[in-house]
Amino acid sequence: MQILNEIQNGIKDALLSEYNHTIPVESVLISQTRKEFTGDYTIVVFPFVKALKSNPVEIGNTLGKYVVENNNSITDFNVVKGFLNFSLSPEYWKGQLAEISSNMDFGSHPKNGKKVMVEFSSPNTNKPLHLGHIRNILLGWSCSQILEKAGYEVIKTQIINDRGIAICKSMLAWQLYGNGDTPKSTNIKGDLFVGKYYVLFDQKLKEEYSEWQSSEKGKEVYASSHKENQSEENFFKAYKNTYFNQYSILGNKAKDMLLSWEAKDDTIRNLWMMMNSWVYDGFEETYKKLGVSFDKLYYESDTYLLGKKIVEQGLNSGTFYSEDDGSVWIDLEDAGMDKKLILRSDGTSVYITQDIGTAQVRNNDFGVDRMVYVVGDEQDYHFKVLFQIMKRLGEPYADDMHHLSYGMIDLPTGKMKSREGTVVDADDLVKEVIEEARNSSAERGEIGEMDKVEQEDILRKIGLAALKFMIIKIQPKKRMIFDPKESVDMQGQTGPYVQYAYVRIKAVLRKYNQNEVGSYEAYTKPNEFEMALLKEIVEYPSLIKDAAENLDPSSIANYSYNLAKTYHRFFHEVRILNAESEPAKAFRLELSKVVARVMQGCMELLGIEMPEKM
RNA sequence: GGUUCCGUAGCUCAGCUGGAUAGAGCAGCUGACUUCUAAUCAGCAGGUCGCAGGUUCGAAUCCUGCCGGGAUCACCA
């Protein structure tokens, strides 16, 4: 903000003029004055004490006097201990309001000409989306919106993990037990339908395994391979993977299927395409409900072989090295990491090889300056390694690769596990939260008069706001606990609370006649409630900048809550339409309009829609 | 074990690029709807900021060590 620079420069000039002391402008610490003290902005004087060999209060007074005399917007100052508080004139604040209200793009930063690709969601096609995906999706979406507002051109993408043994399990189970059912014939959502067969496969495998354990072969294996003191139960638990790979009929069939898939066998490919298309229809429905979309999709089936060319380049440049068995590695020990395998000894690529290749393809496709990966924190190390490798390969965007890492969502009973059926399904959750909005609304009856369609739309907005806000307001890094049995809050620090502040403004704006409102030029001095709002609003642009820099949507959520809180208080304490004077009324209406716009802007960044009534 | 993240009120969380007396919400208690929508507002109560050192005029914030919890350390993805 302009005024902050003016104050900082004023301090710098004052130091030079009064003490003949030179400092860089940036070293002047400036912050908002705390509510308990008079003033708008505060300078901390302590850092100058040593160099000036004087006491903080005296320095504060000297500097304050100088700055007030040399700046028209600054009318007064006071010094408390080492803190120098400045007060700005009512004209300045009225000017701020006028400026903000005339700037329809307030908060948006000018285009910076940079492209950033944000990857989020990235589901597997063998099971439906769950609560964990919701956190990922909301963070990714919101981050994209924030970056756009901060001046970037954003490309939203997801990589769909559509191949591998997992989807083969679903396919096989459907082949064996599906009786030709389809999502249409059973009226089950596509992703749920396919997920059902994934679970079914696991069940059948378990049955097969437990039968095998009591067979001749099973007993023999246990007798010859178990460790001393290892119970049968523990042994077979640990042996599960080996069983799947060596003895399991289902396991072998699934693996055969994967091989056929890789060999591009027509029958398998067709089955695969059919089942995946069911899943995509299901995903699309969920994304739509959540209000998110993507600009570009990448499929693992297209990218899983990528990256081999890079290996050659890397070997030539000496970034990679090969072992005697033909495997390719990179040594990252000097960067505090381990040696990392890039290519298996059989020449096939691993996860990170794909990721290297995919990053390059994306850059070829779009020419990106930055990349953001929204992925859970269990992959922190993976991304650290990936980014380091990209740097060593000399990729131009490598210094601007970011992992927006977030903590898992736990249930009160522990972790969510899809195999144990303890996941909270995304669609179920959305449905539930809308029901909760319905219950809360029924107690109030504000929207009871409206027609059904309009009502449903509002309930949907409220329910989703509650859900989204609850998740986004928590800093991404933190793990969070979610209790599906406890209803999502609609009161207090919540999405509906912010929506309600907006709705109150809309209600007021609906009631007055536009033509009646005059100018607030003659409004002499904004009161404390109006000032509190103004001071928060002017922070909006720098909030966006910080949120974009830190990739932190939670700061937007917290800001919008605070703004709503300040407005609710203002609304309670101050009359708008029955204001004491016409200028006061005009001022409050203008202020309310601006608050509504900023709140709506914030919520849009979080993917939350505002209702006009509730 | 190495690396890394987290630890703030009964619960869920802000605050962390060092600044004034550590803030909200929920839950509990008290009060405010003939008023622009009470999904609101005001108040009470609730804290060794995990522990111990250090740096500093000043530490919840930075550094070191420890304790507790999570993640990760595959020729898996």
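Letters A, B, ... mirror the listed sequences (proteins, then strands); counts begin at 1.
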Does OP1 or OP2 of [N] have a side-chain N or O of [X] closer than 4.0 Å?
X	N	result
K477(A)	C13(B)	no
R444(A)	C33(B)	no
Y497(A)	C41(B)	yes
K478(A)	C5(B)	no
R34(A)	A20(B)	yes
K35(A)	A20(B)	no
R569(A)	C41(B)	no
Q475(A)	C5(B)	no
R510(A)	C36(B)	no

[X] has an atom [atom1]; how far is it from atom [atom2] of [N], in whole Å?
X	N	atom1	atom2	value
F570(A)	A38(B)	CZ	P	15 Å
L591(A)	C36(B)	CG	C1'	15 Å
Q379(A)	U3(B)	CD	P	22 Å
D410(A)	G70(B)	CG	C1'	8 Å
M470(A)	A14(B)	CE	P	14 Å
M408(A)	U4(B)	CE	C1'	15 Å
I59(A)	C57(B)	CD1	P	15 Å
N126(A)	C76(B)	CG	P	19 Å

Please state the [atom1] separation for the pair [N] and [M] - nearest whole angstrom.
N	M	atom1	value
G2(B)	U64(B)	P	15 Å
A52(B)	C67(B)	P	15 Å
G47(B)	C62(B)	P	25 Å
A24(B)	A20(B)	P	15 Å
A9(B)	G23(B)	P	14 Å
G50(B)	A45(B)	P	24 Å
G10(B)	A27(B)	C1'	8 Å
U35(B)	C44(B)	P	27 Å

I want to verify a distance call: between [options], whose nearest atom is closest to the [X] side chain?
X	options	answer
K81(A)	A20(B), A77(B), C26(B)	A20(B)
K511(A)	A42(B), C36(B), C57(B)	C36(B)
L577(A)	C36(B), C13(B), U72(B)	C36(B)

Base-pairing mate for [N] - Watson-Crick or G-U, with both contacts under 3.5 Å:
N	value
G18(B)	none
C62(B)	G54(B)
U40(B)	A32(B)
A45(B)	none
U72(B)	G2(B)
C13(B)	G23(B)

In terms of side-chain geometry, is the basic nitrogen of [X] or [Y] positioned less than 4.0 Å from the acidic oxygen of its partner?
X	Y	answer
D380(A)	K384(A)	no
R588(A)	E580(A)	yes
K613(A)	E446(A)	no

Using a heavy-atom cut-off of 4.0 Å across all strands, would you classify [X] as base, sugar-phosphate, or nothing?
X	answer
F83(A)	base
K613(A)	base
E446(A)	base
P47(A)	base
S555(A)	nothing
T42(A)	base
V574(A)	base
E36(A)	nothing
M480(A)	sugar-phosphate
V503(A)	base
V350(A)	sugar-phosphate
I165(A)	nothing

- [ ] Verify the ring-centre separation between Y373(A) and F383(A): is it less than 6.0 angstrom?
- [x] yes
Open item on the list: Taking the ring centre of each residue, are Y497(A) and H568(A) less than 6.0 Å apart?
Closed with: yes
TODO: Tell whether S554(A) reaches the base of A14(B) with its side chain through a donor-acceptor pair below 3.5 angstrom.
DONE: no
Open item on the list: Is it the case that the base of A20(B) and the side chain of N85(A) share a donor-acceptor contact (distance under 3.5 Å, atom types as modelled)?
Closed with: yes
Open item on the list: Quick check on RNA chain B: between I576(A) and K565(A), whose nearest nucleotide comes earlier from the 5' end?
Closed with: K565(A)
- [ ] Assign each of L343(A) and L84(A) to its nearest nucleotide of RNA chain B by heavy atoms, then name whichever residue's nucleotide is nearer the 5' end.
- [x] L84(A)
Against the six-membered ring of [Y], is [X] placed for a cation-pi contact (under 6.0 Å from the centre, within 45° of the normal)?
X	Y	result
K169(A)	F244(A)	yes
R569(A)	F529(A)	no
R504(A)	Y567(A)	no

Open item on the list: With salt bridge (Lys or Arg N to Asp or Glu O under 4.0 Å) as the criterion, how do E456(A) and R438(A) come out once you've worked through the C-alpha distance, each side chain's angles and the decisive distance to 0.1 Å?
Closed with: CA-CA 9 Å; E456(A) 282 308 309; R438(A) 194 188 310 282; 2.7 Å; yes
Open item on the list: By a 5.5 angstrom centroid cut-off and a 30 degree plane limit, is there stacking between F46(A) and G19(B)?
Closed with: yes
Open item on the list: Taking 5.5 Å and 30° as the limits, would you call Y561(A) and the base of A24(B) a stacked pair?
Closed with: no
Open item on the list: Y198(A) vs F201(A), test: ring pair (Phe, Tyr, Trp, His ring centres under 6.0 Å). Steps then yes/no.
Closed with: CA-CA 5 Å; Y198(A) 184 68; F201(A) 178 92; 7.6 Å; no
